[in-house]
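Data block below; observations after.
Positions are given from 1 along the sequence.
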Amino acid sequence: MRNDWFFFMDLDGGNPYNLPTEFFSNNLGGHLFSQPGYLWVPGSLTLQEAFNCISKFAGALLFLFSSSNLSREIAGNQHGLKSGSCKSSAQVKHITSSGHNLAGFHFSSKPNGESANPVNFSKISSSVIRNLIREGERLQSCSVLSLAAAVIPPFDNLTSKLLSVPLDNTDVQLPGYMDQKPCEVDPRQCGNLSFPDLNWRRHAVEPKTGIEFPMMLDNILDRDNNCSLNSEVLVGTGSRTMRIVKIKSLKIYAFGFYVHPHAVCEKLGPKYASISAGELNKHHEFYEDLLREDIDMTVRLVISYNGVKINTVKDAFEKALRARLVKTNPDTDYSCVTKFGSYFTEDIPLPSGTTIHFRRTADGQLITEIGGKEIGAVRSKDLCRAFFDMYIGDVPVSEQTKEEIGKNVASMIKRQHEKFQVDLVGGYYDAGDNVKYGLPMAFTVTTLSWAANYYHSELQATGELENVRCAIRWGTDYLLKASPRKNKLYVQVGDPVQDHQCWMRPENMKTPRTVLQIDSNTPGTEIAAETAAAMAASSIVFRKTDRPYSRRLLNKAKLLFEFANSHKGTYDGECPFYCSFSGYNDELLWAATWLFIATKRPVYMKYIKEEAISAAVAEFSWDLKYAGAQILLSEYFFKGDSSLSNYKNHADSFICSNLPQSPYHQVYTTPGGMVHLRDGANTQYVTGTALLFTAYSDLLAKYNQKVCCGDQQFDANHLMDFAKKQMDYLLGKNPNNRSYMVDFGNNPPKQAHHRGASVPVLSPNAVISCPMSFVDYYNKNQPNANELTGAILGGPDRHDNYNDQRWDSPMTEPCTYINSQAVAVLAKLASPVRSSMAIAMAWLVLFQGFLCSVNGQDFNYKDALTKSLIFLEAQRSGKLPPNHRPAWRGDSALDDGKLANVDLVGGYYDAGDNVKYGLPMAFTVTTLSWAAVYYHSELQATGELENVRWAIRWGTDYLLKASSIKDRLYVQVGDPVEDHHCWMRPENMKTPRTVLQIDSNTPGTEIAAETAAAMAASSIVFREIDNPYSRSLLNKAKLLFEFANSHKRSYDGECPFYCSYSGYNDELLWAATWLFIATKTPVYMNYIKENAISAAVAEFSWDLKYAGAQILLSEYFFEGDSSLSNYKNHADSFICSNLPQSPYHQVYTTPGGLVHLRDGANTQYVTGTAMLFTAYSDLLAKYNQKVSCGDQQFDANHLMDFAKNQMDYLLGKNPNNRSYMVDFGNNPPKQAHHRGASVPVLSPNAVVSCPMSFVDYYNKNQPNANELTGAILGGPDRQDNFNDQRWESAMTEPCTYTNSQAVAVLAKLASPGAKSS
């Protein structure tokens, strides 16, 4: 029975209108209105009202047509239907709610601004009724309405043109979701996955169906806070609806698309990070890559209609997958589809609300889950790709959802890219682990800057000022990177929990490099303020030497202080390792103090007086800075600002609490007299207390003040004595009679709790087992593999007991801030303990680690460079300067030259004996100068430029003495025969100091020309910093070249030790080349072109210089002087002769890849070859050239790789897995063939027996008494065999020129980003 009333339904949710059925007469074919006409409606409402009327009218007709229950019609069976009898495009039409076709509606506006629109409703109604009748007929013939097509539109029946019209789906705009930085570091420390601001319980709602989708699958909160690296993130939602007769929409299901953010960022980040999210949707290959890469992803379907049957879903997916498999892989085996479909059995119900997960795993499985239960898995990458192709491939289920997925994934990649664009390379590891903590690092920089600012003169006198500046800059460079934007500071790199579960060198670590930050939402006042203090204090350090850098530091300090003060909150992200127990008020005071000192701006003093909080304390440390600020501010009280009396009183209180003689003494001191606040790196409180006592002592002395502790007074001397006693205790004056500084003093520690020191150098690709690392390295009761020179360890307990065992970390772990606080005190005490000062600074270098082997570095080349130069200092003869670093060396050969009535004190001993030879010494100076001139930027970047200059000047000062008379050159001091009969330190030698010379009667062209080259090259080094000295060198070079060229003859006076086998033509070319470079005078270029002789050689050494000159002259060929082509060709010949890949390769290389010309200090040829390859590599790169060796070409990278391989071999990358540089790397040599190193320090008046010296020192098979730090020894034989025994001089003797030639290469490797000259 038909209804007498027609319910006019408002499909938008309004109330129904009741209309009598008589209203629709004439078989529904009549006009809606009996009289045709126009209805005028205000223009702003025309379309809305017109469509609402039609929509409601059409809704009413649906019920009029429904003679039986509509739901039964839809859910009914399909008996009698033929396949394809229902056209899905007619029965199920997908459109968006905003995409209505309004064609045929005409409207116009009236001039007065109120429009009226003619709408011919009679025509509209006739058209609508006719269409509805046709749809009704189709409805009668297709009761099921092709639900399968509603689930998944068949790929082969649809065209992209058809589906370019938006489908009826809704893509939820995830509110603020993609701003959650899904690829940033997890503050909950779950690997690299993070959602720092995301509400983990929040869901996204698909608005069309109202179905909620979790932001994450496998939510961490659902797993009791256990980290799940399989968590996937929602990147898009949509829905599928079926439109019945273009009127009623049935909501079939909603879906959400999830991806694994880490996998997306890792796989697609490198390629797409630089492309904007908007542009990515135009890149078809972006979606192809998303499908092709092994990225975990999931489609989550939620059924929203009760009429969906399992067979319908199965058929829909099978048909769509088969069509897409053809596209994915035409040769695929369709059995995967059959297997996939077999899991959809009829006993699985699909009521409304059922959740279906389709998961793709990285290993190519498609896993299906229904209702939370896995029903099956198919391993087929083709099937996986075909399935997800339905959503993000060609002709997807929804173009809009695909676009939304693309935008969100692109945003995800962009966020990840931005994170990794934050360059946090550099800085310091704080202690014995491999984590970089911002708070202690900044404190290290601040206390170092305190030393550099207030003890500038002392540090300058010790020669360590430049090293301190470099140590500070290593920290500030990092801190500038860590504070790239206002109100943001990166405060930690590394996962301490994971790091503590693996005992591995930083060069080999595989633990997560988690990054933590503070910002306005997650403040950390302590860290921000301490970093501000570091920036402000260090800005003063660089004010005179690098003003732009200083201003940059100071501006950053101001911003960080403002951030710290305006966003107050304690940050506990670094707990339990660096928790702030004292709060942040001390850091705010500390930062304001340094900012006032740096700027003298009243605003900071006003803050100190009116807002800052002070407190009387007895401790100064990375966590508690009150006392440091109080002592600094006391100076302004002494200057007359009585309003600062509170700070001065608190400073006095600190002194009284620590000074044992004070009646207010509070701090415990051990029986041996050491300050002891608590176990666990207690020496930090020792050096901190010593620093403050030293600083306050100087203030008291400067202003003639005393500290009053009750009825007792203590002056500056009392305080300095106490500071000295604390340092003396650490250096060896204690009940145990041992040093607590590694490699210093008596019985120093051998088992520092330090990963880098205790684990030997390993191959970069070494397989690391974290559990076994503790077995292999941590738990072994033996000395560390590498010497952690200068590290002050945690120290003894409160009873002066000490266990030198690696696992006793409270006693054996070092920290950067222990050493940084010691620097000022040691600078003050520098006269008696200057060697400890140098070692303490050298130790900080060990913490300047790059993350994960930056730029392919396998070794700490900076450390190798530093130590190479230290070795040259160990070779010095004469009166040693105050800043001399090898502590075991003393003054020697102070009467050299007396036999010839000339001053020949100074210069270098060439190798392991005590003779000074002119030829190798001059060559050492020339090659050092080459490095200083052509690798100025690299050396400056490493902080070693000044040390190189001093090394050169130590040689040139001597060479100037040796050439004080025209046409005369003193070329040797010492009798090599007698010297070789005695094994004795140069400080104690009694052998003859014979003097040899060349002159016009006894010429020696090789030595004269080499010395001319040394003088010319070094004149360039000093041209800008000491022009008079430079001119003196250059004038001497000219005279010596004239002497060499006008009195040609080989000199054999240094034979059999330094005989010139190659003649003197190479030295004349070499000298003329350097003179032209130094002067640009045509006379020298004319000589080179017209008089000089060149030759193709395969060696560069103290005896053979052709190749060096040829490479230097090649630059002028590249600049256009074609007349120098012969030199360029000879330079190429040198490369081709040495390069193993070259068809003209001549030079023998060992099985391990080492250049080997001859036994006997063979490493000199290694470093010489590496130097020339490095120099020529830079020229090729500069001029975009290549070396042709027959039919093969080699570019700059080939040459640099070969140079690096040679140096890496020497540093430990060789078949023996050992270093050939003393005190560097894995298993370095211990028995260098060297008198000074192997003989212990003796009294100057000790009676020396030359025969017994060999018994007592030379022949003993034990490590040398003194460490010959940095010496590159002679090296292995041609089969890579090496015997570390003193008497194997061919293998174990060092030479100055072996190291001097290594300087340029190490500088290049240590600073790959610097620009060569």
Is any side-chain heavy atom of [Y] closer than 4.5 Å to one of [X]?
X: Thr1002; Y: Tyr1051; value: yes
X: Leu1210; Y: Val1166; value: yes
X: His1234; Y: Leu1273; value: no
X: Trp930; Y: Met1171; value: yes
X: Asn1065; Y: Tyr1106; value: yes
X: Leu1068; Y: Asn1045; value: yes
X: Met1015; Y: Ser963; value: yes
X: Val742; Y: Thr789; value: no

Backbone N/O of [Y] and side chain of [X]: donor-acceptor pair under 3.5 Å:
X: Asn1226; Y: Ala785; answer: no
X: Ser1219; Y: Phe1224; answer: yes
X: Asp913; Y: His980; answer: no
X: Thr1167; Y: Ala1302; answer: no
X: Asp1223; Y: Gly1270; answer: no
X: Lys1036; Y: Ala1012; answer: no
X: Glu944; Y: Leu939; answer: no
X: Gln972; Y: Gly974; answer: yes
X: Asn1264; Y: Ala1232; answer: yes
X: Thr1292; Y: Glu1288; answer: yes

Is a donor from one side chain sitting under 3.5 angstrom from an acceptor on the other, for [X] and [Y]?
X: Gln997; Y: Asp999; result: yes
X: His1156; Y: Gln1279; result: no
X: Asn1261; Y: Gln1231; result: yes
X: Ser1000; Y: Asp967; result: no

[X] versus [Y], closest heavy-atom pair with distance:
X: Thr462; Y: Ala830; answer: CG2-CB, 3.0 Å
X: His884; Y: Ala874; answer: CE1-N, 4.3 Å
X: Gln1164; Y: Gly1160; answer: NE2-O, 4.0 Å
X: Val1248; Y: Asn988; answer: CG2-O, 3.9 Å
X: Leu894; Y: Gly878; answer: CD2-C, 3.5 Å

Distance, nearest 0.5 Å, that separates [atom1] of [X] from [atom2] of [Y]:
X: Leu919; Y: Ser1060; atom1: CG; atom2: OG; result: 7.0 Å
X: Tyr1148; Y: Asn1162; atom1: OH; atom2: CG; result: 11.0 Å
X: Tyr1297; Y: Tyr908; atom1: OH; atom2: OH; result: 15.0 Å
X: Glu1006; Y: Ile998; atom1: CD; atom2: CD1; result: 9.0 Å
X: Tyr861; Y: Asp1208; atom1: OH; atom2: CG; result: 3.5 Å
X: Thr926; Y: Lys1105; atom1: OG1; atom2: NZ; result: 7.5 Å

Determine whether Tyr1258 and Trp983 satisfy the following criterion, ring pair (Phe, Tyr, Trp, His ring centres under 6.0 Å), listing intermediate values before the conclusion. CA-CA 7 Å; Tyr1258 179 83; Trp983 192 261; 4.6 Å; yes

Check whether NZ of the Lys or CZ of the Arg [X] lies under 6.0 Å from the centre of the six-membered ring of [Y] and within 45 degrees of that ring's axis.
X: Arg953; Y: Tyr1029; value: yes
X: Arg949; Y: Phe1022; value: no
X: Arg876; Y: Tyr909; value: no

Are [X] and [Y] within salt-bridge range, i.e. N to O under 4.0 Å?
X: Arg1218; Y: Asp1284; result: yes
X: Arg889; Y: Glu987; result: yes
X: Lys916; Y: Asp910; result: no
X: Lys867; Y: Asp863; result: yes
X: Asp975; Y: Arg993; result: no

Determine whether Arg1158 and Glu1099 satisfy the following criterion, salt bridge (charged side-chain N to carboxylate O under 4.0 Å, His left out), listing intermediate values before the conclusion. CA-CA 11 Å; Arg1158 56 187 66 90; Glu1099 171 189 334; 3.2 Å; yes

is_close_aromatic(Phe1254, His981), centroid dist under 6.0 Å: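 Not close enough - the centres of the two rings lie 6.0 Å or further apart.
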
Do Phe1100 and Trp1070 have ring centres separated by under 6.0 Å?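 Yes.
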
Test Ser868 against Leu1306 for side chain to side chain contact (heavy atoms under 4.5 Å, CB included), laying out the working first. CA-CA 9 Å; Ser868 288; Leu1306 291 172; 3.6 Å; yes

When you look at CH2 of Trp950, are more than 12 heavy atoms from neighbouring residues, nucleotides or ligands closer to it than 6.0 Å?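 12 or below, so no.
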
Mutual orientation of the aromatic rings belonging to Trp1074 and Tyr934 [parallel < 30°, tilted 30-60°, perpendicular > 60°]: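 Perpendicular, since the angle between the ring planes exceeds 60°.
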
Check the pair Leu959, Leu1033 against side chain to side chain contact (heavy atoms under 4.5 Å, CB included), reporting the backbone distance first and the verdict last. CA-CA 9 Å; Leu959 294 175; Leu1033 292 170; over 6 Å; no

Check against side chain to side chain donor-acceptor pair (under 3.5 Å), Ser1062 and Asp1103: CA-CA 6 Å; Ser1062 64; Asp1103 182 39; 3.2 Å; yes

